[in-house]
Amino acid sequence: MRKVLIYSVLLLGGLVASQALPAVGPGVYEALVHVIRLLTMVGLAFIMIHVGQEFDLDKSNLRQYGWDYVVAATAATFPWIFVTLYFVFVLAPPEFWGQFTLWKEALLQGRFAAPTSAGVLFSMLAAAGLGATWVFHKARILAIFDDLDTILLMVPLTVLLVGFRWQLAGVIALIALLLWAGWKYLHCWHIPYRWPWVLGYSVLLTLASELIYLGTGYLDPDAAVHFEVLLPAFILGCMIANPEHGLHEQDALEGEQPGLDARSEQRVATIISGCFMVLVGLSMPALGGAGAARETEQSVSAVAGGSPGWGLIALHVLAVTLLSNLGKMFPALCYRRKASLRERLALAVGLFPRGEVGAGVLIVSLGYGISGTATTVALLSLALNLFLTGLFILGVKRLLAGPRPEATAVSTQAPRPPRSYAPRPPRHIPVREGGP
């Protein structure tokens, strides 16, 4: 668990540094935030390309993937609903409960709790030596699906806030095109796949994502499209034909990245994962949204939230963190025929880590001028989840290290052969001579 501890310290260091960045001045701060966001996207793309390279799709069992998407969408929706209701009915006084504007803002603010940080999760599970477990492979699918669900649901949320824009239809079309390409050309694209090339692909995908954002923002500042690199990077990894694809001996070793055989590949992947942890912490918006909010009138959420003291805010942060993680426990009720209770609990806890995608939702909220107590609570809750990431992964490892009852370990044990009985000797019937 040494690498998990190192990653946790790097996350915490980046988180602390993110709150000190505004001291450099408004102009420099905005430039730094922009650079940090781009570097974070490069790191995420690098991790997701490797995840895609090791992804297997059983085209004869699409029904299972449909169920996986339902589980992932539900595990992303429950935290979102719980936190949104908390923001409306606890943080706002009753006279605001019927205002549609408050609900719109709360729906966007609460969305931070939905997506699991795929990059953080995969790096941490690999560092813990869990790359060859059922939990890792199932969490890989669910985390990608719930991030995809977050990207899709940002479209109707944006429509609620600014109205329909043609750019939003373009996002849905691009997602559909990527999914089709991943399905059609799974592990069929023969291009270089070593780390220098993967890093180059990551930079190109990040630049493409940034061009989409700048281009749509230039055409309509109210509907600039934040198209995350997570999905295109994963699809590219799925399309790459890697002759080393499959289960590797070192996947179960602590601190080893799944699917990487060469020591140089392991070393570079570890360095980039460590840098990614720092960048995720640095990506956290500064408390109060310095340099991010528009110069507009105070939002309804800011008026409804009032000005509670820091002690009360701390209680709200704990409550929101508990609610958001409680919503992630839904997968523990599923896959009963494939995994034991301990494995299902480990899967649910493994989905707790939040990170760059949730921070991106909060940045979008600040960009629309939504601020106030709910945004502060959401920011601190996200920071608390980041801080606890190492403990979550430690809990996953402890759950998987415990005893597994034979009756529930369905996914890894062959069915018991039917009981066999020795044949009875034939019964001797005496026959009298001379006939009857």
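This one's a predicted model, so the numbers in the text were calculated from it and none came from an experiment.
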Any idea which heavy atoms bring [X] and [Y] closest together, and the distance?
X      : Y      : result
Pro79  : Arg354 : CB-NH2, 4.1 Å
Gln109 : Ile370 : NE2-CG2, 3.2 Å
Leu125 : Ala139 : CD1-CB, 4.4 Å
Ile144 : Met48  : CG1-CE, 3.8 Å
Ala346 : Val396 : O-CG2, 3.5 Å
Leu205 : Ala233 : CD1-CA, 3.6 Å

Q: Assess whether side chain to side chain contact (heavy atoms under 4.5 Å, CB included) is satisfied between Trp134 and Leu347, documenting all intermediate values.
A: CA-CA 9 Å; Trp134 176 86; Leu347 175 63; 3.9 Å; yes
Side-chain contact test, heavy atoms from C-beta onward, threshold under 4.5 Å: evaluate it for [X] versus [Y] and give yes or no.
X      : Y      : answer
Met124 : Thr389 : yes
Ile240 : Trp197 : no
Leu351 : Phe392 : no
Pro353 : Asn385 : no
Leu186 : Met239 : no
Leu199 : Ile272 : yes
Phe234 : Leu178 : no
Thr74  : Val70  : yes

Q: Apply side chain to side chain contact (heavy atoms under 4.5 Å, CB included) to the pair Val280 and Val120, showing each step before the final yes or no.
A: CA-CA 8 Å; Val280 169; Val120 173; 4.2 Å; yes
Not counting sequence neighbours, list each pair that qualifies as a salt bridge (Lys or Arg N to Asp or Glu O under 4.0 Å) and has a residue in [range].
range            : result
residues 66-88   : Asp68-Lys138
residues 310-331 : Asp146-Lys328
residues 196-215 : Arg37-Glu210
residues 268-281 : none

Does [X] reach the main-chain N or O of [Y] with its side chain, forming a donor-acceptor pair under 3.5 Å?
X      : Y      : answer
Thr216 : Tyr213 : yes
Thr321 : Val317 : yes
Gln53  : Cys238 : no

Straight-line distance of [X] [atom1] to [Y] [atom2], nearest 0.5 Å:
X      : Y      : atom1 : atom2 : value
Leu174 : Ile212 : CG    : CD1   : 5.5 Å
Asn325 : Phe78  : CG    : CZ    : 15.0 Å
Leu230 : Asp147 : CG    : CG    : 5.0 Å
Ile313 : Leu318 : CD1   : CG    : 12.5 Å
Leu345 : Ser340 : CG    : OG    : 8.5 Å
Thr206 : Met41  : OG1   : CE    : 5.0 Å

Q: Scan residues 75-91 for pairs that pass side chain to side chain donor-acceptor pair (under 3.5 Å), counting only residues two or more places apart or in two chains.
A: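 Sorted result for residues 75-91: Tyr86-His316.
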Q | Chi angles and distances behind the side chain to side chain contact (heavy atoms under 4.5 Å, CB included) call for Leu21, Ile36 | A | CA-CA 11 Å; Leu21 285 180; Ile36 289 169; 3.7 Å; yes
Q) Which residues pass the side-chain contact (heavy atoms from CB on, under 4.5 Å) test with Val203, sequence neighbours left out? A)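 So Val203 forms a side-chain contact (heavy atoms from CB on, under 4.5 Å) with Val42, Leu207.
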Q | Set of side-chain contact (heavy atoms from CB on, under 4.5 Å) partners for Cys334, sequence neighbours left out | A |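 Expected list: Trp67, Val71, Phe330.
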Q) Does OH belonging to Tyr69 count more than 12 external heavy atoms closer than 6.0 Å? A)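 Yes, OH of Tyr69 has more than 12 neighbouring heavy atoms, counting only those of other groups under 6.0 Å.
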Q) How far apart are the C-alpha atoms of Ile49 and Tyr193, what are their side-chain angles, what is the distance that settles it, and do they pass the side chain to side chain contact (heavy atoms under 4.5 Å, CB included) test? A) CA-CA 9 Å; Ile49 289 175; Tyr193 59 89; over 6 Å; no
Q: Report the residues that fulfil salt bridge (charged side-chain N to carboxylate O under 4.0 Å, His left out) with Arg140, sequence neighbours left out, ordered by chain and then residue number.
A: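 Expected list: none.
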Q | Residue list, salt bridge (charged side-chain N to carboxylate O under 4.0 Å, His left out) with Arg344, at least two apart or on another chain | A |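 Checked Arg344 against salt bridge (charged side-chain N to carboxylate O under 4.0 Å, His left out); zero matches.
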Q) Among all residues two or more places apart in sequence or in another chain, which pass the ring-ring contact (aromatic ring centres under 6.0 Å, His included) test with Tyr201? A)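 If we apply the ring-ring contact (aromatic ring centres under 6.0 Å, His included) test to Tyr201, skipping adjacent residues, there are no hits.
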**Q.** Contacts of type ring-ring contact (aromatic ring centres under 6.0 Å, His included), residue Phe46, not counting sequence neighbours
**A.**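 Scan of Phe46 (ring-ring contact (aromatic ring centres under 6.0 Å, His included), adjacent residues dropped) gives His50.
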Please list, one pair per line, the donor and acceptor atoms closer than 3.5 Å that link side chains of residues 92-101 to other protein atoms, with sequence neighbours excluded.
| from | atom 1 | to | atom 2 | distance (Å) |
| --- | --- | --- | --- | --- |
| Trp97 | NE1 | Val88 | O | 3.0 |
| Trp97 | NE1 | Ala92 | O | 3.0 |
| Trp97 | NE1 | Pro93 | O | 3.3 |

Q) Does a donor on one side chain sit under 3.5 Å from an acceptor on the other, for Gln64 and Lys338? A)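 Short answer, yes.
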